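What follows is a single structure, written as structure tokens, with notes after it.
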There are 2 protein chains.
Amino acid sequence: MPTIEDVARHAGLSRTTVSRVINDQPYVCDEKRQRVVGAMRDLGYVPNSSARRLRSQKTETIAILLPRITNPFFSHMIEAMEKKASEWGYQVIICQTHYSSQKELDYLELLRTKQVDGMIMTSVHNEWSAIEEYLPSGPIVLCNENIEEANTSIIYIDQQEAAYDATTHLIEQGCEKLAFLSGGMDSSIALSRRRGFMKAVQQYNVSFVEHDDFNQAVDVESGREIFQSIQQEDATIDGIFTGSDEVAAGIIYEAMNNGVSIPDDLAVVGFDNQTISKLMNPSITTVEQPVVEMAEKCVEILIQQIEQRGRHKREDYIFPHTLKKRTSTTKPMAIPM
Amino acid sequence: MPTIEDVARHAGLSRTTVSRVINDQPYVCDEKRQRVVGAMRDLGYVPNSSARRLRSQKTETIAILLPRITNPFFSHMIEAMEKKASEWGYQVIICQTHYSSQKELDYLELLRTKQVDGMIMTSVHNEWSAIEEYLPSGPIVLCNENIEEANTSIIYIDQQEAAYDATTHLIEQGCEKLAFLSGGMDSSIALSRRRGFMKAVQQYNVSFVEHDDFNQAVDVESGREIFQSIQQEDATIDGIFTGSDEVAAGIIYEAMNNGVSIPDDLAVVGFDNQTISKLMNPSITTVEQPVVEMAEKCVEILIQQIEQRGRHKREDYIFPHTLKKRTSTTKPMAIPM
DNA sequence: TTGTAGGCGTTATCAT
DNA sequence: ATGATAACGCCTACAA
């Protein structure tokens with residue numbers, strides 16, 4: 001691998017001059033500039049980025065923390081983030097926590113060891129106080145979860161309102177006994193949604209059922225299991241808020257196979273407006289988030305903070321959500337896709 | 001940010017000794033070791049990875065090239081790759097080409113500029129001769145596409161055989177007029193599949209239809225469009241090989257909405273055994289690839305090559321595929337999920 | 001067992 | 001306009 005030194009020698013000039021050419025700086029006459037360019041070509045020279053990083057104290061790289069990339073909500077978010085980052089000339093390192101708080105901390109070390117200039121967290125599995133420790137090492141922007149105590153910029157939708165809207169919709173459709181599902185009550189998102197659910201339930205004085213399993217609903221499989229347990233233990237439930245299109249799909253799949261009619265016997269609401277929610281039959285009523293816009297905004301904020309340096313105070317960016325009403329909650333009729 | 005020098009001074013020792021402690025090397029007595037550890041703690045020292053990279057000529061980072069992460073086939077593959085890489089202490093940079101050969105080349109530069117130690121390509125949009133140029137800069141392993149001329153290790157399933165199996169299955173189910181769909185005939189995968197399709201069609205002497213649109217089938221939306229055009233132009237087609245569960249889902253969705261019975265009027269085969277293929281109603285017959293195993297093997301091979309250094313000759317790892325027969329091609333009956 | 005010193009490849013500062 | 005030189009922070013012969 002040729003170095004800048006080799007190029008300089010080959011061109012009969014100094015490293016400084018070569019460096020100037022590499023970085024498009026002035027104060028190099030055309031003739032020498034050509035000589036340098038030629039030498040670089042001859043030797044197949046390419047600047048070593050480790051050396052550049054050391055010298056410039058920048059990596060042009062950001063890390064994105066997320067639970068699992070196979071969750072379509074996150075893969076859509078990452079797709080948009082990577083695209084935007086790439087436009088700005090930044091690399092993206094992907095960090096799957098698999099819901100482990102330890103892995104989350106391990107990945108945060110990337111910030112301290114200066115492997116990345118900044119970080120995006122789409123999920124949070126530690127106390128904020130623990131994460132705050134890393135802020136001096138570089139900017140962190142949150143996207144998706146709304147952590148009350150967080151003293152850094154943050155992007156999210158109003159989960160409480162979204163759950164309230166969805167629950168109200170179930171009630172308006174005539175549901176009288178509801179269930180609230182979530183992926184675990186330790187997340188800020190599930191907590192907010194639960195508040196919204198409870199608000200609607202109390203406001204309309206509708207009854208609801210609780211069960212330990214209801215807070216372990218994470219994928220298609222758990223949706224299927226929960227349907228079975230509901231069938232056996234409390235078949236009078238007639239409306240479910242799932243917080244996930246995959247869970248909703250699992251429930252619907254199992255219901256169809258067991259002769260339970262959706263939405264007549266059981267209405268189901270999903271979350272995230274994933275591809276599957278449109279394709280299922282019946283199609284799934286769901287809450288849509290503007291993932292792409294949120295992702296792009298997030299990257300822009302982060303890169304801005306990186307390039308401005310210095311600490312930044314918290315700013316909240318709250319994006320709008322939309323309830324997509326489909327046939328899993330409403331009587332069948334032509335609804336355009 | 002404290003440096004190794006600061007720690008050394010604080011502990012009243014030399015940089016060397018501190019370095020030895022950092023890297024768990026022998027020849028440091030316990031007392032001084034403690035002093036160093038204490039000093040690191042006091043100062044909040046953390047080694048700077050840019051400096052380490054420059055010194056060691058290693059980045060402990062690999063890049064994964066793929067078209068789009070939102071394609072579930074790729075997101076499952078990346079999930080497994082990132083997990084495996086992380087176990088080995090490697091970071092993963094994600095590079096979406098969005099099917100652009102230029103972006104592919106841009107990302108390959110990461111290898112030349114030593115931002116990564118190695119690279120995995122899950123799709124290839126340039127002539128192999130162009131990609132070969134990068135091989136001297138670091139190992140590249142292919143995962144998914146089988147490029148004939150490639151002189152590097154490569155992992156794939158037998159796409160031709162898979163398409164042959166799927167097509168034969170359609171024929172066995174009684175289909176008499178087939179169509180072959182793909183995402184574009186410029187990819188090695190589509191070409192292999194077409195060979196398999198043709199082999200079955202000729203062997204059983206079944207007729208088939210061609211159309212320009214048939215090679216633009218990439219997602220749910222295009223599946224829907226293709227169904228519509230088939231309805232209008234050649235409704236006698238009774239069996240379709242799609243090469244994609246999403247395309248298959250789009251076709252089925254549209255067929256159901258238009259009163260065309262699946263599989264009686266039209267049988268459809270997908271590819272990749274994605275979540276959606278089990279959940280659709282009818283469920284989609286599809287070809288399963290052992291994505292996770294392929295991904296893990298790929299990362300292992302790459303890291304091995306990185307750590308052994310030197311050029312490696314091509315080895316082929318061919319993984320087995322399975323045809324999952326479901327209701328989009330077979331008369332309804334109880335098929336366990 | 002410990003320390004000294006040189007170099008990894010760049011870029012910025014300061015002369016000339 | 002060009003060049004010499006000193007960092008950036010770390011690791012490792014080699015010397016002691």
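Chain naming here is simple, since letters A, B, ... match the order of the sequence lines and numbering starts at 1 in each. Since the model is a prediction, treat every value here as computed from it, not as a measurement.
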*Does A:Q102 have any side-chain hydrogen bond (donor to acceptor under 3.5 Å, both in side chains) partners at least two apart in sequence or in another chain, and if so, which?*
A:D106
*So how far is it from A:L65 CG to A:N144 CG, rounded to the nearest 0.5 Å?*
12.5 Å
*Start with the C-alpha distance between A:I94 and A:I78, add both sets of side-chain angles, then the distance that settles side chain to side chain contact (heavy atoms under 4.5 Å, CB included), and finish with yes or no.*
CA-CA 9 Å; A:I94 154 182; A:I78 305 310; 5.5 Å; no
_DNA chain D contacts among residues 27-39 of chain B, heavy-atom distance under 4.0 Å_ = none
*Could you identify which residues of residues 49-58 of chain B place a heavy atom less than 4.0 Å from some atom of DNA chain D, listed by residue number, or say none?*
B:A51, B:R52, B:R55
_Applying a 4.0 Å non-hydrogen cut-off, can you work out what A:P47 is touching in the nucleic acid: base, sugar-phosphate, or nothing?_
sugar-phosphate
*Using a 4.5 Å cut-off on heavy atoms from C-beta on, say whether the side chain of A:N146 contacts that of A:Q159.*
no
*Check: B:E60 and B:V116 side chains under 4.5 Å, non-hydrogen atoms*: no
*Looking at DNA chain C, which of residues 2-19 of chain A put a heavy atom within less than 4.0 Å of it?*
A:T3, A:I4, A:R15, A:T16, A:S19
*Results of side chain to side chain contact (heavy atoms under 4.5 Å, CB included) for A:S14 - residues two or more places apart only*: A:T16, A:T17
_Residues which pass side chain to side chain contact (heavy atoms under 4.5 Å, CB included) with A:R55, listed by chain and number, not counting sequence neighbours_ = none
Qualifying residues under salt bridge (charged side-chain N to carboxylate O under 4.0 Å, His left out), relative to [X], sequence neighbours excluded:
X: A:E79; value: B:R68
X: A:R112; value: A:E109
X: B:E87; value: B:K84

*Which pairs with one or both residues in residues 27-36 of chain B pass side chain to side chain donor-acceptor pair (under 3.5 Å), sequence neighbours excluded?*
B:E31-B:R35
_For chain B, the stretch of DNA chain C it reaches, first to last nucleotide, under 4.0 Å of its heavy atoms_ = C:dT1 to C:dG9
*What pairs meet the ring pair (Phe, Tyr, Trp, His ring centres under 6.0 Å) rule with one or both residues in residues 55-111 of chain B, with sequence neighbours excluded?*
B:Y99-B:H125
*Atom CG of B:L43 and atom C1' of D:dG9: how far apart are they, to the nearest Å?*
15 Å
*asked:* Before you tell me yes or no, could you show the steps for B:I4 and B:S19 under side chain to side chain contact (heavy atoms under 4.5 Å, CB included), namely the whole-Å CA-CA distance, both residues' side-chain angles and the distance that decides it to 0.1 Å?
replied: CA-CA 7 Å; B:I4 202 172; B:S19 177; 3.8 Å; yes
